[in-house]
There are 2 protein chains.
Amino acid sequence: MKKVKVYVTLRESVLDPQGSAVMGALHSMNYNEVTDVRIGKFLELQIEESDRDLDTAVKEMCEKLLTNTVIEDYRYEVEEVAGK
Amino acid sequence: MKKVKVYVTLRESVLDPQGSAVMGALHSMNYNEVTDVRIGKFLELQIEESDRDLDTAVKEMCEKLLTNTVIEDYRYEVEEVAGK
(Lines give C-alpha, C1' and ligand atoms only; values in the text may rest on other atoms or scores of the structure.)
Protein backbone atom coordinates (compact mmCIF):
# COMPACT_ATOMS: atom_id res chain seq x y z
CA MET A 1 0.00 0.00 0.00
CA LYS A 2 1.32 3.46 -0.87
CA LYS A 3 0.35 6.89 0.45
CA VAL A 4 0.68 9.62 -2.18
CA LYS A 5 0.73 13.21 -0.97
CA VAL A 6 -0.28 15.67 -3.70
CA TYR A 7 0.32 19.41 -3.35
CA VAL A 8 -1.71 21.59 -5.71
CA THR A 9 -0.79 25.27 -5.90
CA LEU A 10 -1.82 28.17 -8.06
CA ARG A 11 0.78 29.14 -10.64
CA GLU A 12 2.91 32.13 -9.59
CA SER A 13 1.39 34.24 -12.39
CA VAL A 14 -2.16 33.62 -11.17
CA LEU A 15 -3.74 36.04 -8.69
CA ASP A 16 -4.72 34.41 -5.39
CA PRO A 17 -7.70 36.38 -3.98
CA GLN A 18 -8.22 33.83 -1.21
CA GLY A 19 -4.61 34.23 -0.15
CA SER A 20 -4.93 38.02 -0.21
CA ALA A 21 -8.06 37.82 1.95
CA VAL A 22 -6.28 35.65 4.51
CA MET A 23 -3.31 38.01 4.53
CA GLY A 24 -5.64 40.94 5.16
CA ALA A 25 -7.19 39.08 8.09
CA LEU A 26 -3.75 38.25 9.52
CA HIS A 27 -2.74 41.91 9.25
CA SER A 28 -5.94 42.98 11.04
CA MET A 29 -4.84 40.59 13.82
CA ASN A 30 -1.47 42.44 13.94
CA TYR A 31 0.59 39.77 12.19
CA ASN A 32 2.09 42.41 9.92
CA GLU A 33 5.28 40.40 9.43
CA VAL A 34 3.33 38.21 6.97
CA THR A 35 4.18 39.53 3.49
CA ASP A 36 2.47 36.93 1.26
CA VAL A 37 -0.06 34.10 1.56
CA ARG A 38 -0.70 31.48 -1.13
CA ILE A 39 -3.40 28.87 -0.61
CA GLY A 40 -3.58 25.48 -2.34
CA LYS A 41 -4.93 21.96 -1.94
CA PHE A 42 -3.29 19.05 -0.15
CA LEU A 43 -4.52 15.57 -1.02
CA GLU A 44 -3.59 12.25 0.56
CA LEU A 45 -4.34 9.23 -1.64
CA GLN A 46 -3.99 5.64 -0.44
CA ILE A 47 -3.20 3.41 -3.41
CA GLU A 48 -2.98 -0.39 -3.48
CA GLU A 49 -0.37 -2.26 -5.50
CA SER A 50 -1.63 -2.73 -9.05
CA ASP A 51 -0.16 -3.72 -12.41
CA ARG A 52 -0.34 -0.07 -13.47
CA ASP A 53 2.82 2.06 -12.98
CA LEU A 54 2.24 4.28 -9.93
CA ASP A 55 3.87 7.45 -11.30
CA THR A 56 1.96 7.19 -14.55
CA ALA A 57 -1.33 6.68 -12.70
CA VAL A 58 -0.73 9.56 -10.27
CA LYS A 59 0.23 11.94 -13.09
CA GLU A 60 -2.89 10.96 -15.03
CA MET A 61 -5.15 11.42 -11.97
CA CYS A 62 -3.61 14.83 -11.28
CA GLU A 63 -3.86 16.03 -14.86
CA LYS A 64 -7.33 14.62 -15.57
CA LEU A 65 -9.12 15.35 -12.29
CA LEU A 66 -7.22 16.69 -9.31
CA THR A 67 -5.78 19.86 -10.80
CA ASN A 68 -6.74 22.53 -13.30
CA THR A 69 -3.51 22.47 -15.27
CA VAL A 70 -4.29 25.86 -16.86
CA ILE A 71 -3.88 27.73 -13.55
CA GLU A 72 -2.46 25.17 -11.15
CA ASP A 73 0.82 23.31 -10.67
CA TYR A 74 1.15 20.06 -8.72
CA ARG A 75 3.86 17.95 -7.12
CA TYR A 76 3.60 14.72 -5.19
CA GLU A 77 5.49 12.48 -2.81
CA VAL A 78 5.11 8.72 -2.41
CA GLU A 79 5.36 6.99 0.96
CA GLU A 80 5.22 3.29 1.80
CA VAL A 81 2.39 2.49 4.20
CA ALA A 82 2.34 -0.64 6.37
CA GLY A 83 -0.30 -2.93 4.83
CA LYS A 84 -3.81 -2.18 6.19
CA MET B 1 12.64 36.14 5.19
CA LYS B 2 11.06 32.77 6.02
CA LYS B 3 8.62 30.63 4.04
CA VAL B 4 6.25 28.66 6.27
CA LYS B 5 4.38 25.76 4.71
CA VAL B 6 1.21 24.87 6.62
CA TYR B 7 -0.65 21.59 6.02
CA VAL B 8 -4.22 21.54 7.29
CA THR B 9 -6.00 18.19 7.32
CA LEU B 10 -9.27 16.91 8.66
CA ARG B 11 -8.94 14.82 11.80
CA GLU B 12 -9.02 11.06 11.15
CA SER B 13 -12.35 10.78 13.01
CA VAL B 14 -14.02 13.39 10.79
CA LEU B 15 -15.86 12.25 7.66
CA ASP B 16 -14.43 13.72 4.44
CA PRO B 17 -17.29 13.96 1.91
CA GLN B 18 -15.13 15.88 -0.54
CA GLY B 19 -12.52 13.13 -0.40
CA SER B 20 -15.18 10.48 -0.92
CA ALA B 21 -16.53 12.35 -3.94
CA VAL B 22 -13.07 12.55 -5.50
CA MET B 23 -12.52 8.85 -4.83
CA GLY B 24 -15.81 8.04 -6.55
CA ALA B 25 -14.74 10.07 -9.56
CA LEU B 26 -11.35 8.34 -9.68
CA HIS B 27 -13.08 4.94 -9.53
CA SER B 28 -15.39 5.96 -12.39
CA MET B 29 -12.19 6.72 -14.35
CA ASN B 30 -11.00 3.15 -13.58
CA TYR B 31 -8.42 4.07 -10.95
CA ASN B 32 -9.79 1.39 -8.65
CA GLU B 33 -6.45 0.94 -6.89
CA VAL B 34 -7.22 4.14 -4.97
CA THR B 35 -8.62 3.04 -1.60
CA ASP B 36 -8.88 6.37 0.25
CA VAL B 37 -8.72 10.11 -0.50
CA ARG B 38 -8.37 12.85 2.14
CA ILE B 39 -8.40 16.49 1.07
CA GLY B 40 -6.93 19.39 3.05
CA LYS B 41 -5.47 22.86 2.67
CA PHE B 42 -1.89 23.79 1.89
CA LEU B 43 -0.80 27.34 2.74
CA GLU B 44 2.49 29.06 1.98
CA LEU B 45 3.18 32.10 4.17
CA GLN B 46 6.10 34.45 3.61
CA ILE B 47 7.11 36.00 6.92
CA GLU B 48 9.67 38.76 7.51
CA GLU B 49 12.03 38.77 10.49
CA SER B 50 10.29 40.37 13.47
CA ASP B 51 10.84 40.60 17.22
CA ARG B 52 8.04 38.05 17.72
CA ASP B 53 9.03 34.35 18.03
CA LEU B 54 8.21 32.66 14.70
CA ASP B 55 6.88 29.39 16.12
CA THR B 56 4.64 31.21 18.58
CA ALA B 57 3.29 33.47 15.85
CA VAL B 58 2.66 30.60 13.41
CA LYS B 59 0.86 28.53 16.04
CA GLU B 60 -1.30 31.51 16.97
CA MET B 61 -2.15 32.22 13.31
CA CYS B 62 -3.04 28.58 12.75
CA GLU B 63 -5.16 28.26 15.86
CA LYS B 64 -6.91 31.63 15.58
CA LEU B 65 -7.54 31.82 11.83
CA LEU B 66 -6.11 29.23 9.48
CA THR B 67 -7.62 26.09 10.96
CA ASN B 68 -10.80 24.99 12.65
CA THR B 69 -9.16 23.20 15.56
CA VAL B 70 -12.38 21.32 16.37
CA ILE B 71 -12.22 19.23 13.20
CA GLU B 72 -8.81 19.98 11.71
CA ASP B 73 -5.19 19.23 12.55
CA TYR B 74 -2.24 21.24 11.24
CA ARG B 75 1.50 20.89 10.90
CA TYR B 76 4.02 23.28 9.41
CA GLU B 77 7.56 23.49 8.07
CA VAL B 78 9.83 26.54 8.04
CA GLU B 79 12.21 27.28 5.17
CA GLU B 80 14.75 30.07 4.80
CA VAL B 81 14.08 32.20 1.73
CA ALA B 82 16.75 34.34 0.07
CA GLY B 83 15.90 37.96 0.95
CA LYS B 84 13.40 39.47 -1.52
Side-chain angles (χ1 to χ4, degrees), chain A residues 1-10 12 16 18-54 56-67 72-77 81 83-84, chain B residues 1-10 12 16 18-54 56-67 72-77 81 83-84:
Chain A
M1 178 79 82
K2 298 277 194 319
K3 177 183 271 192
V4 177
K5 294 184 175 184
V6 181
Y7 307 92
V8 180
T9 51
L10 285 172
E12 286 290 328
D16 181 0
Q18 201 180 1
S20 310
V22 167
M23 187 158 73
L26 289 172
H27 285 177
S28 68
M29 296 161 70
N30 286 322
Y31 295 107
N32 299 309
E33 59 265 40
V34 177
T35 58
D36 189 38
V37 176
R38 305 279 297 177
I39 298 182
K41 283 177 286 193
F42 169 60
L43 299 101
E44 287 181 329
L45 309 175
Q46 284 210 357
I47 300 181
E48 277 174 345
E49 305 302 333
S50 90
D51 47 17
R52 197 187 335 234
D53 172 59
L54 181 66
T56 309
V58 172
K59 280 178 186 141
E60 283 175 10
M61 291 186 234
C62 285
E63 283 159 24
K64 286 182 187 171
L65 182 71
L66 304 178
T67 65
E72 290 173 333
D73 290 320
Y74 70 91
R75 59 185 174 84
Y76 63 90
E77 297 158 2
V81 175
K84 277 198 184 167
Chain B
M1 177 80 80
K2 296 276 195 312
K3 177 184 271 193
V4 178
K5 294 184 175 184
V6 181
Y7 307 92
V8 180
T9 50
L10 285 171
E12 286 289 330
D16 181 0
Q18 200 181 0
S20 310
V22 167
M23 187 158 75
L26 289 173
H27 284 178
S28 69
M29 297 161 70
N30 285 323
Y31 295 107
N32 300 307
E33 60 265 42
V34 177
T35 58
D36 189 38
V37 176
R38 305 280 295 177
I39 298 182
K41 284 177 285 194
F42 169 60
L43 298 101
E44 287 181 329
L45 309 174
Q46 284 210 356
I47 300 180
E48 277 175 344
E49 304 300 334
S50 89
D51 47 16
R52 198 187 335 231
D53 172 60
L54 182 66
T56 309
V58 172
K59 280 178 187 141
E60 283 175 11
M61 291 186 234
C62 286
E63 284 160 23
K64 285 183 188 170
L65 181 72
L66 304 178
T67 65
E72 290 174 332
D73 289 320
Y74 71 90
R75 59 186 174 82
Y76 63 90
E77 295 158 3
V81 174
K84 277 196 186 168

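Chain letters run A, B, ... following the sequence lines, proteins first, then strands; residues in each count from 1.
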### Message
Return the CD to CD1 distance between A/Glu33 and B/Ile47, rounded to the nearest 0.5 Å.
### Response
6.5 Å
### Task
Determine the option with the most heavy-atom pairs under 4.5 angstrom with chain B, choosing from A/Glu49, A/Met23, A/Met29, A/Lys2.
A/Met29
### Summary
To the nearest 0.5 Å, atom CG of B/Asp16 lies from atom CG of A/Leu43 at 9.0 Å
### Query
Got a sec: does the CD of A/Gln18 have more than 12 other heavy atoms crowding it under 6.0 Å?
no
### Query
Pick from B/Leu45, B/Val37, B/Thr35: which one has the most heavy-atom pairs with chain A under 4.5 Å?
B/Thr35
### Query
Relative to chain A, which segment of B/Ser50 carries a heavy atom at a distance below 4.5 Å: side chain, backbone, both, or neither?
side chain
### Query
Of the options A/Tyr7, A/Tyr76, A/Phe42, which is the one that meets B/Phe42 in a ring-ring contact (aromatic ring centres under 6.0 Å, His included)?
A/Tyr7
### Message
Once salt bridge (Lys or Arg N to Asp or Glu O under 4.0 Å) is applied, do any residues pair with B/Asp36, and if so which ones, sequence neighbours excluded?
### Response
none
### Query
Roughly how far, to the nearest 0.5 Å, is CZ of B/Arg52 from CG of A/Asn30?
7.0 Å
Distance-only donor-acceptor pairs under 3.5 Å for side chains of residues 57-65 of chain A, two or more places apart:
| unit_1 | atom_1 | unit_2 | atom_2 | d |
| --- | --- | --- | --- | --- |
| A/Glu60 | OE1 | B/Tyr31 | OH | 2.5 |
| A/Glu63 | OE2 | A/Tyr74 | OH | 2.4 |
| A/Lys64 | NZ | B/Tyr31 | OH | 3.3 |

### Query
How many angstroms lie between CD in A/Glu44 and CD1 in B/Ile39, if you round to the nearest 0.5 Å?
11.0 Å
